[in-house]
Peer 1: 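Handing you this structure, nothing more for now.
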Amino acid sequence: MCLCVWLGLSTLLSPCSAVADERVGGEPAYRLQLCSHCHLPPDPTILPKDAWPATIYQMGGLGGFGVNVSAAVDLEAVVDWYVSHAPETLPPASVAAVAAPKPRFLPNGQLSLRDTNAAPFVSNLLVTQLTSSEPQLVLCDMKNGGVWLGDPADGAWAPTKVASLASPARAEAADLDGDGRMDLVVAVLGSAMAMDHLLGEVVWLRQTPDQGFDPIVLADGLGRVADVQPVDIDADGDLDLAVAEFGWRQTGHVLLLENRAGPNAQPRFTRTELDGNHGACRIAATDIDLDGRLDLVALFAQEHERVRVYRNGTDGWSETHDIWRAPHPAWGHSSMHVVDLDGDGDPDILLTNGDSYDNALLKPDHGIRWLENQGNFSFVARDIAPMPGSYSAAAADLDDDGDLDLVASALAEPEEGNRATGGLVSLMWLEQTTAGVFQPHALELGDLRHPFLLMHDADQDGHDDILAANGCFDDTALEPSAPGVQIWLNQGR
């Protein structure tokens, strides 16, 4: 998730603002300790002068902690201090020193969605086997409200809509009732635009004997649900559901829906709240501490901007670890991928931060990073490459040399507040040349409309190809007939 204005990945400051109550060396000093309630203390240089007033006043108007703080401090003084210490404009977003393109990947094919009212916004891609023994592609078009299924076995990626839902964000495949037919579990936002409501849902698209899909609501009355992962978290033989309920400003949680039905039965869930914070945009299950039990890892955007582990211990879910906190609340986390990037046998975490839809700013620290697992819930953050608007990344051995390479995509409007996007890299192959060193290669420039990407051998030649999802928030920038997916074939050389 992890989609900007639509998923509400706002990087507004939290309700825990600085408090002006003393002077040091003739300058106003602001007690920033309250900021640690949600995020690390914000430095004035993370936003330009003209962005601070609206940010702080909006922060102070939020319910709960924000209202309490704003009643105790002079927000106007806080604004004056931040404006006086902020730059007029942000420096240009950093750009990776890309190598000359290699003729390994060539654009070859696209997938268009039929009967859509607006330009597509494909927020998620999934390759699985649902109604065929051949690989099939599942797409979520969150703007038009469709879940689509494409079958490459017929020689064309011509998808069919299998469900209409209220802004589906993400779909995962699972045989939820153990009947031998693969189903889909869908995270439903409830609204494409970011807002606080209780219209979010977790929907089960149960496959019927005639290869149709019946929508069954498994959980409702939620804020905007950004991600759901089916997993047998308690090892009892049936599938549970881990849920990232992003919400927006007043709504949102991390939830566990525990299946009490047992194997091969109609699922029946009880709901456990693991976290009351909003902004969770991705969730994954992995044995982070290698103790034999699956833990949960959640990526938070909004002002929290962190990666949090919920340890599956012998005493339940009482233990949490913040394994990464971004340097400031305007970081703009956009995606998370759990992968053993260094091949040492434990799970690492691949991250992108490139959200620019809160204030139309491509920030200097946008890019791709990974958290290297050191054991005992200790992770070291390592920069891979800067990339303005970085929004999705995936890992695969793309050049058949035995290590994992990366592909990253970018999402931003054609004219952002501090930079035109025409010359920026929109699709990048990061070739791992030596252990932990990645050489960027620009595959595409200027088309920053890829909110998601996936590695898959589309032409079944033994080499992973790149499937780049398309989406744009500006309806005038894409036609309704614009392709939902572009395919870049790996030439294997």
Side-chain angles (χ1 to χ4, degrees), residues 1-2 94 96-99 102 104-105 229 231 282-300 305-312 321-327 331 333-354 365-387 390-409 425 427-441 443 452-457 463-466 490:
M1 261 346 93
C2 57
S94 300
V98 294
K102 290 186 174 183
R104 190 172 190 92
F105 295 96
Q229 294 294 322
V231 57
R282 290 288 180 269
I283 195 160
T286 186
D287 184 3
I288 205 80
D289 55 354
L290 304 180
D291 68 349
R293 292 184 295 270
L294 289 173
D295 311 299
L296 294 176
V297 185
L299 174 67
F300 285 85
E305 302 291 352
R306 71 181 71 186
V307 178
R308 175 167 284 182
V309 173
Y310 307 87
R311 182 171 184 264
N312 186 1
H321 299 266
D322 285 341
I323 61 174
W324 159 251
R325 296 185 73 185
W331 195 248
H333 274 128
S334 46
S335 75
M336 176 184 75
H337 183 46
V338 177
V339 57
D340 183 8
L341 196 55
D342 53 5
D344 65 353
D346 56 24
D348 309 304
I349 298 175
L350 178 64
L351 298 172
T352 61
N353 67 302
D365 40 27
H366 281 178
I368 307 121
R369 294 167 178 84
W370 66 295
L371 306 181
E372 183 183 357
N373 194 340
Q374 305 289 301
N376 196 30
F377 301 99
S378 175
F379 286 75
V380 175
R382 303 197 184 281
D383 293 346
I384 294 176
M387 187 179 190
S390 175
Y391 226 82
S392 182
D397 183 5
L398 296 173
D399 52 4
D400 304 315
D401 65 351
D403 57 26
L404 291 176
D405 308 299
L406 306 175
V407 176
S409 65
V425 178
L427 192 63
M428 183 190 298
W429 168 34
L430 298 125
E431 178 187 9
Q432 187 168 185
T433 54
T434 58
V437 177
F438 295 85
Q439 174 62 61
H441 301 276
L443 301 181
F452 192 85
L453 58 81
L454 180 71
M455 303 292 100
H456 171 62
D457 185 5
H463 303 288
D464 276 330
D465 308 303
I466 302 169
N490 187 341

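Position 1 is the first residue of the sequence, and the numbers go up from there. Model, not experiment: these values are computed from the prediction.
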Peer 1: Quick one: pull up CE in Met336 and CH2 in Trp324 and give me the separation to the nearest 0.5 Å.
Peer 2: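 Going from the CE atom of Met336 to the CH2 atom of Trp324 covers 14.5 Å.
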Peer 1: Under 3.5 Å, which donor-acceptor pairs do the side chains of residues 337-346 form with other protein atoms, sequence neighbours left out?
Peer 2:
unit_1 : atom_1 : unit_2 : atom_2 : d
Asp340 : OD1    : Gly343 : N      : 3.1
Asp340 : OD1    : Asp344 : N      : 3.2
Asp340 : OD2    : Asp344 : N      : 3.3
Asp340 : OD2    : Gly345 : N      : 2.8
Asp344 : OD1    : Asp346 : N      : 3.3

Peer 1: Walk me through whether Val307 and Val297 qualify under side-chain contact (heavy atoms from CB on, under 4.5 Å).
Peer 2: CA-CA 7 Å; Val307 178; Val297 185; 3.6 Å; yes
Peer 1: Please determine which of Leu398, Val437, Ile368 meets the side-chain contact (heavy atoms from CB on, under 4.5 Å) test together with Leu430.
Peer 2: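 Single side-chain contact (heavy atoms from CB on, under 4.5 Å) partner of Leu430 among Leu398, Val437, Ile368: Ile368.
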Peer 1: Would a distance-only check, ignoring hydrogens and angles, find a side-chain to backbone donor-acceptor pair under 3.5 Å from Asp383 to Ala385?
Peer 2: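 Checking the backbone N and O of Ala385 against the side chain of Asp383, no donor-acceptor pair under 3.5 Å is found.
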Peer 1: Mark yes or no for whether Asp457, through its side chain, and Asp464, through its backbone, hold a donor-acceptor pair below 3.5 Å.
Peer 2: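 Flag not set: sc Asp457 to bb Asp464 has no pair under 3.5 Å.
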Peer 1: With Arg311, which of Asp295, Asp291, Asp287 fulfils salt bridge (Lys or Arg N to Asp or Glu O under 4.0 Å)?
Peer 2: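 Output: one option passes, namely Asp291.
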Peer 1: In Å, rounded to the nearest 0.5 Å, how long is the span from CZ of Phe379 to NE2 of His321?
Peer 2: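 One finds 10.0 Å between CZ of Phe379 and NE2 of His321.
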Peer 1: Just do the side-chain contact (heavy atoms from CB on, under 4.5 Å) check on Asp403 and Thr434 with the steps written out, would you?
Peer 2: CA-CA 9 Å; Asp403 57 26; Thr434 58; over 6 Å; no
Peer 1: Do Glu431 and His441 come close enough that some side-chain heavy atom pair is under 4.5 Å?
Peer 2: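 The answer is yes; the side chains approach within 4.5 Å.
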Peer 1: Does the side-chain contact (heavy atoms from CB on, under 4.5 Å) test come out yes or no for Val309 and Asp289, once each step is laid out?
Peer 2: CA-CA 10 Å; Val309 173; Asp289 55 354; over 6 Å; no
Peer 1: Should Leu371 and Leu351 count as side-chain neighbours, where that means a heavy-atom distance under 4.5 Å?
Peer 2: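 The answer is yes; the side chains approach within 4.5 Å.
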Peer 1: Where do Met455 and Ala396 come nearest, in terms of heavy atoms and distance?
Peer 2: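 In terms of heavy atoms, the two residues are closest at CG-CB, 3.9 Å.
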Peer 1: If we only count heavy atoms from C-beta on, is the Val407 to Leu427 side-chain gap below 4.5 Å?
Peer 2: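 In contact.
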Peer 1: Could Asp465 and Arg104 be called an ion pair, given the rule that one side-chain N must be under 4.0 Å from one carboxylate O?
Peer 2: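 No.
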Peer 1: For the side chain of Gln432 and the backbone of Leu404, is there at least one donor-acceptor N/O pair under 3.5 Å apart?
Peer 2: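 At least one qualifying donor-acceptor pair exists.
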Peer 1: I need the single residue from Glu305, Arg369, His333 that forms a side-chain hydrogen bond (donor to acceptor under 3.5 Å, both in side chains) with Asn353. Which is it?
Peer 2: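 Among the candidates, only Arg369 passes.
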Peer 1: Going by atom types only, do Thr352 and Ser335 share a side-chain donor-acceptor pair under 3.5 Å?
Peer 2: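 Yes, a side-chain donor-acceptor pair sits under 3.5 Å.
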Peer 1: With heavy-atom distances below 4.5 Å as the criterion, would you say the side chains of Met387 and Met428 are in contact?
Peer 2: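 Result yes, sub-4.5 Å side-chain heavy-atom pair found.
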Peer 1: Under 4.5 Å between any side-chain heavy atoms of Leu294 and Ile288, yes or no?
Peer 2: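 Counting from C-beta outward, Leu294 and Ile288 never come under 4.5 Å.
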Peer 1: Search all heavy atoms of Ser390 against all heavy atoms of Gly367 and return the closest pair with its distance.
Peer 2: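 In terms of heavy atoms, the two residues are closest at OG-O, 3.5 Å.
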Peer 1: To the nearest 0.5 Å, tell me how far Arg382 CZ sits from Phe438 CZ.
Peer 2: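 Going from the CZ atom of Arg382 to the CZ atom of Phe438 covers 11.5 Å.
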Peer 1: Restricting to non-hydrogen atoms, name the atom on Ser334 and the atom on Tyr391 that form the minimum distance, rounded to 0.1 Å.
Peer 2: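 Between these two residues, the closest heavy atoms are OG-CA, 3.4 Å.
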Peer 1: Which value, rounded to the nearest 0.5 Å, describes the distance between Leu350 atom CG and Ile384 atom CD1?
Peer 2: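 Leu350 atom CG to Ile384 atom CD1 measures 5.5 Å (nearest 0.5 Å).
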Peer 1: For the residue pair Pro347 and Leu290, establish whether any side-chain heavy-atom pair is separated by less than 4.5 Å.
Peer 2: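 Yes, at least one pair of side-chain atoms sits under 4.5 Å.
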Peer 1: For a 4.5 angstrom cut-off between non-hydrogen side-chain atoms, does Ile323 reach Arg308?
Peer 2: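 Side chain of Ile323 against side chain of Arg308, heavy atoms only: no contact under 4.5 Å found.
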Peer 1: Using the rule given for side-chain contact (heavy atoms from CB on, under 4.5 Å), can you reason through Leu299 versus Ile283, listing the C-alpha separation, both sets of side-chain angles and the distance that settles it, and then say yes or no?
Peer 2: CA-CA 6 Å; Leu299 174 67; Ile283 195 160; over 6 Å; no
Peer 1: In terms of the angle between their ring planes, are Phe105 and Trp429 parallel, tilted or perpendicular, with boundaries placed at 30° and 60°?
Peer 2: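 The arrangement is perpendicular - the two ring planes meet at more than 60°.
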